[in-house]
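Residue numbers begin at 1 in each chain, while the letters A, B, ... track the order of the sequences.
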Amino acid sequence: MSRRRPHEEDDGYDRAYRKRRRVSENQEIEDRLESLILCVGEKSTSSLESNLEGLASVLEADLSTYRAKILRILTDCAIRMPEKCTIYTTLVGLLNAKNFNFGGEFVEFMVKTFKEALKACKWDPARFLLRFLADLVNCHVISATSLLQLLDNMIDAANEDSVPQVRRDWYVFAILSTLPWVGRELYEKKEQPLEHLLVQIEVFLNKRPKKHHNALKVWAVDTPHPQEEYLDCLWAQIRKLRQDNWAEKHIARPYLAFDSILCEALQHNLPSILPPPHHDSYKYPMPWVVFRLFDYTDCPEGPILPGAHSIERFLIEEHLHSIIEMYHLERKDCATHLLNFPYKLKIPLEYCIVEVIFAELFHMPSPRYLDICYGSILIELCKLQPSTMPQVLALATEMLFHRIDSMNVSCFDRFVCWFSYHLSNFQFRWRWDDWDVCLSLDSEHPKPKFVREVMLKSMRLSYHQRIREILPETFAGFIPQKPEPEYKYAKEAEAVTLPGTAAAHQLVVTIRQKCTPEEVLAVLKDLPNPRSEEEVDGRFNPLKIDVFVQTLLNLGSKSFSHSFAAISKFHYVFKILAESEEAQICILRNMFELWHNHQQMMVVLVDKMLKTQIVECSAVANWIFSKEIGSEFTKNYLWEILHLTIKKMNRHVTKLTGELTEAREKLARAEESSDSESDEEKKKQEDAEKPSEEMVERMEEKLEAAQADQKNLFLIIFQRFIMILSEHLVRCDTDGKDYNTHWYKWTIGRLQQVFLAHHEQVQKYSSTLETLLFTQDLDPHILEIFQQFVSLQG
Amino acid sequence: MGKFSTSLDLSSYRDQHFKGTRAEQDKLLRVSSTFYVGNLSFYTTEEQIYELFSKCGDVKRIIMGLDKYKKTPCGFCFIEYYTRADAENCLRYINGTRLDDRIVRTDWDAGFIEGRQYGRGKTGGQVRDEYRTDYDAGRGGYGKLIQQKIGSEVPSFLR
């Protein structure tokens with residue numbers, strides 16, 4: 001099956017090595033049938049109608065021998081090529097007209113597959129199967145009454161109490177997204193039941209809680225385009241479609257040409273289908289907000305962009321998203337297929353593509369693929385369509401920049417990363433002068449901040465001198481500091497007065513002579529502890545840490561590799577000097593003092609020190625919120641560090657969880673097979689793999705400890721957020737000042753980001769957080785963020 | 001199923017100094033999370049490489065390719081990820097895009113072995129820089145052989 005996504009059935013490497021099996025004659029015919037079915041509707045010299053007629057005759061002749069195979073292929077097509085739905089329903093319609101029994105078997109097979117998809121939580125396949133069944137009504141294969149019965153059952157599922165809201169939402173979404181296909185037919189034949197269905201949906205939507213809506217918006221304000229909740233938007237589009245008497249202009253309907261044949265056919269009734277009841281292990285799709293960047297005034301030339309509430313906009317977007325899904329592993333194919341969109345002459349295609357790609361990149365809480373997947377597809381699009389794509393992309397960038405004031409911080413970060421990456425692929429050419437508004441704004445304002453962060457990221461991909469060259473002179477203030485260490489013990493004026501200078505100089509000499517860790521400790525031995533009597537608990541000496549960390553990192557400053565080598569060689573010294581969390585924070589502080597002009601270095605050093613367990617996650621979190629680096633608090637790199645820290649912790653917990661589950665399964669399997677008599681070989685192998693009860697217990701303990709650490713990390717982070725935010729709100733209140741400053745917006749945004757970016761892990765501690773931190777007496781602004789997060793999984 | 005190529009397929013290049021059979025080498029290449037990155041500028045730093053390649057996942061280590069004699073970067077490196085999946089994404093999304101204005105080429109590698117960080121050309125750099133006939137400012141000007149003929153590293157009109 002050539003259209004199958006490459007990653008699903010093979011890893012992309014063993015194809016050439018797969019043994020060529022002997023193909024029987026039957027196999028050959030089956031393969032030919034498969035390829036005929038797959039290709040119908042692709043470019044061809046004859047018309048689609050004649051191809052369909054021909055194919056129907058071929059299949060009819062083979063039905064007796066290859067029935068099972070044909071059923072499977074057609075069902076696969078329904079799931080994997082939803083964009084060709086109406087072509088295949090027409091084919092099935094023609095087959096049904098020729099062979100009523102086959103039509104019945106097909107419907108039965110589809111229904112079975114649909115039920116299985118629901119049970120397996122394969123939500124998109126289930127939706128495509130439902131759409132296919134609905135479209136079979138148009139082809140006189142299924143009766144309208146029995147389809148309505150199915151839709152009614154789905155509405156009942158949506159109206160169940162005490163199941164997650166996301167489950168109920170999905171059932172309504174599935175119905176609504178089917179109506180563009182079958183709405184007209186139902187309207188003509190069963191207007192009353194259709195109206196009744198719509199009333200039920202309207203009642204459902206009016207009662208539906210939407211606390212999550214604000215958390216998922218890319219922008220806080222609704223100008224120029226409202227950021228609609230996905231079900232609300234689709235409902236508006238369906239209402240508009242109903243007003244237009246269910247006439248839509250996007251879906252090709254090849255069955256219309258066969259009306260005289262199809263209307264003669266007998267119809268089948270769908271059996272009664274009850275959605276499988278909810279189970280706690282089921283995961284449902286999260287809600288989302290519909291991303292809108294353009295309207296028809298933005299693309300004045302050529303075809304008109306359908307309005308936000310026209311059903312065509314939904315259909316086009318869904319189609320483009322599915323092309324991205326299908327080809328995201330091959331960026332060049334993806335770009336080609338996007339640009340070959342079948343309806344490209346009827347729509348401003350470049351605008352639609354750019355909007356859909358940014359919709360994915362800015363999807364909250366996280367994009368479905370890597371950021372760089374989208375970045376690289378955009379590069380390919382610019383290469384393939386150099387006369388139009390770069391201009392549309394530049395316009396989109398302009399618009400995003402102008403709307404950046406209320407953009408959420410997660411999207412702000414992604415925008416910075418994408419733009420600097422994109423620039424680095426196009427010689428950093430940009431009309432910076434157009435953005436001179438930055439020059440007169442407060443430096444914490446999102447616009448100048450964006451330019452500053454883009455420059456910092458661009459410098460990481462290039463070098464300092466290059467950044468100086470790309471910016472106009474007026475933007476000199478946006479050029480980052482040269483990323484160099486500042487080693488205080490080498491500064492003549494300063495160093496003489498420092499208590500650690502002599503030891504630092506001695507240390508440089510000793511390390512250069514390739515000393516051992518013990519010799520380093522010997523050099524540091526006599527440094528006095530500057531902490532006052534009562535503070536000194538004998539646990540750590542900040543002066544020793546200062547001299548050691550700054551000197552060692554400065555000696556390794558030539559590159560990341562040099563720094564990493566220095567850290568691993570003297571790992572022992574770090575461990576001796578910094579056992580307590582306070583001492584670990586002291587290490588981080590000294591790293592900052594030396595490297596404050598090199599953000600990327602700090603990011604990788606913290607990462608390295610976490611991996612080598614020189615510092616713990618909690619120490620990093622506390623350091624980030626400490627007073628001394630308050631000046632850095634709204635800079636992106638600091639949050640890059642916090643998120644990498646949290647991710648490290650999450651990965652650790654996930655890994656231990658996986659190992660424990662596996663060990664438990666092995667244990668259970670081994671016990672089971674020892675109960676029953678199984679064959680010797682297998683038993684031997686299982687016994688060999690069987691972990692002992694003690695091993696499993698130890699793993700449980702390890703996991704519990706890790707989870708305690710993880711919980712503690714989240715508690716620290718959220719508590720620190722609450723402290724600084726509350727302090728700010730109270731201070732503004734007593735001073736009679738507006739609390740809604742740039743600092744406040746960045747900080748509350750970062751709080752929201754921690755919840756959203758790690759929601760799956762944070763979710764586990766929701767109730768602890770609610771009882772310990774996010775209590776009812778908290779300022780409502782802060783509490784709101786927590787409540788939005790809780791409502792995400794409904 | 002029809003045969004089709006993906007961006008993850010092995011290229012035709014094989015390390016000629018590999019100790020083992022072609023089959024052994026290919027087997028390693030298919031599970032490796034290490035790859036070779038070529039066509040870098042001599043001036044591109046480890047830091048820049050780290051920044052770009054981290055976009056596909058956690059980088060375990062970068063080994064800069066060095067001139068055998070001068071011990072300076074000579075336009076290639078090896079990168080190892082912690083997981084195969086991250087390395088695959090790197091081939092999908094970074095191979096053929098730009099770093100320091102140059103199109104970078106990535107290719108699977110059977111795993112780094114000490115000594116491979118050095119250029120294998122007679123003059124210390126990569127072999128491709130010996131025979132090159134074009135002028136490439138990012139890679140030391142003309143190819144080494146031509147330089148020896150014309151006697152200067154950078155022609156005056158390009159200085």
Rounding to 0.5 Å, atoms CZ (A:F564) and CZ (B:R61) come to a distance of 12.5 Å
When the 4.5 angstrom heavy-atom criterion is applied to A:Q427 and chain B, the contacting part is both
Derivation of the side-chain contact (heavy atoms from CB on, under 4.5 Å) call for B:D100 and A:Y463: CA-CA 9 Å; B:D100 254 349; A:Y463 45 93; 3.7 Å; yes
Side chain to side chain donor-acceptor pair (under 3.5 Å) test vs A:R460 passes for just one of B:E47, B:Q48, B:E51, namely B:E51
Okay, A:L461 and chain B: the region with an atom under 4.5 Å from a heavy atom over there is both
With side chains defined as the heavy atoms from C-beta onward, is the minimum distance between A:R466 and B:D101 less than 4.5 Å? yes
key: Over 12 non-hydrogen atoms of neighbours within 6.0 angstrom of CD in A:Q613   = no
Practice item. Tell me, yes or no, whether the heavy-atom count around A:K647 atom NZ, taken from other residues, nucleotides or ligands under 6.0 Å, exceeds 12. Key: no
From the list A:I377, A:I379, A:V604, A:D371, the residue making the most non-hydrogen contacts under 4.5 Å with chain B is A:V604
The interface call for A:K383 against chain B, heavy-atom contacts under 4.5 Å, is side chain
Rounded to the nearest 0.5 Å, the OH atom of B:Y43 sits from the OG atom of A:S462 at a distance of 16.0 Å
d(B:L52 CG, A:S424 OG) to nearest 0.5 Å is 7.0 Å
Checking A:E330 against B:T6 for the side-chain contact (heavy atoms from CB on, under 4.5 Å) test, could you report, in this order, the C-alpha distance in whole Å, the side-chain angles of both residues, the deciding distance, and whether it holds? CA-CA 7 Å; A:E330 296 293 331; B:T6 77; 3.0 Å; yes
Applying a strict 4.5 Å limit to non-hydrogen atoms, the region of A:N425 in contact with chain B is both
**Request:** For the pair B:D58 and A:R651, find out whether any cationic side-chain nitrogen is under 4.0 Å from an anionic carboxylate oxygen.
**Result:** yes
On a heavy-atom basis, the closest approach of B:C56 and A:L370 is CA-CD1, 4.0 Å
If one checks every heavy atom of B:I62 against chain A at 4.5 Å, the contacting part turns out to be backbone
Looking only at heavy atoms, the pair that brings B:E46 and A:F560 closest together is OE2-CB, 3.3 Å
Q: Give a yes or no on whether B:K27 atom NZ has more than 12 heavy-atom contacts from other residues, nucleotides or ligands under 6.0 Å away.
A: no
When rounded to the nearest 0.5 Å, the distance separating OG of B:S54 from CG of A:D607 is 8.5 Å
- Query: Does a sphere of radius 6.0 Å around CZ in B:R120 hold more than 12 heavy atoms from other residues, nucleotides or ligands, not counting ones at 6.0 Å or beyond?
  - Reply: yes
Turns out that what part of A:K611 lies under 4.5 Å from chain B's heavy atoms comes down to side chain
Counting only heavy atoms not in A:F426 (residues, nucleotides, ligands), do more than 12 fall under 6.0 Å from its CZ?
yes
Turns out that what part of A:Y369 lies under 4.5 Å from chain B's heavy atoms comes down to neither
Closest non-hydrogen contact found for B:T97 with A:R331 is CG2-NH2, 3.8 Å
Of all heavy-atom pairs linking A:L329 and B:Y93, the shortest is CA-OH, 4.0 Å
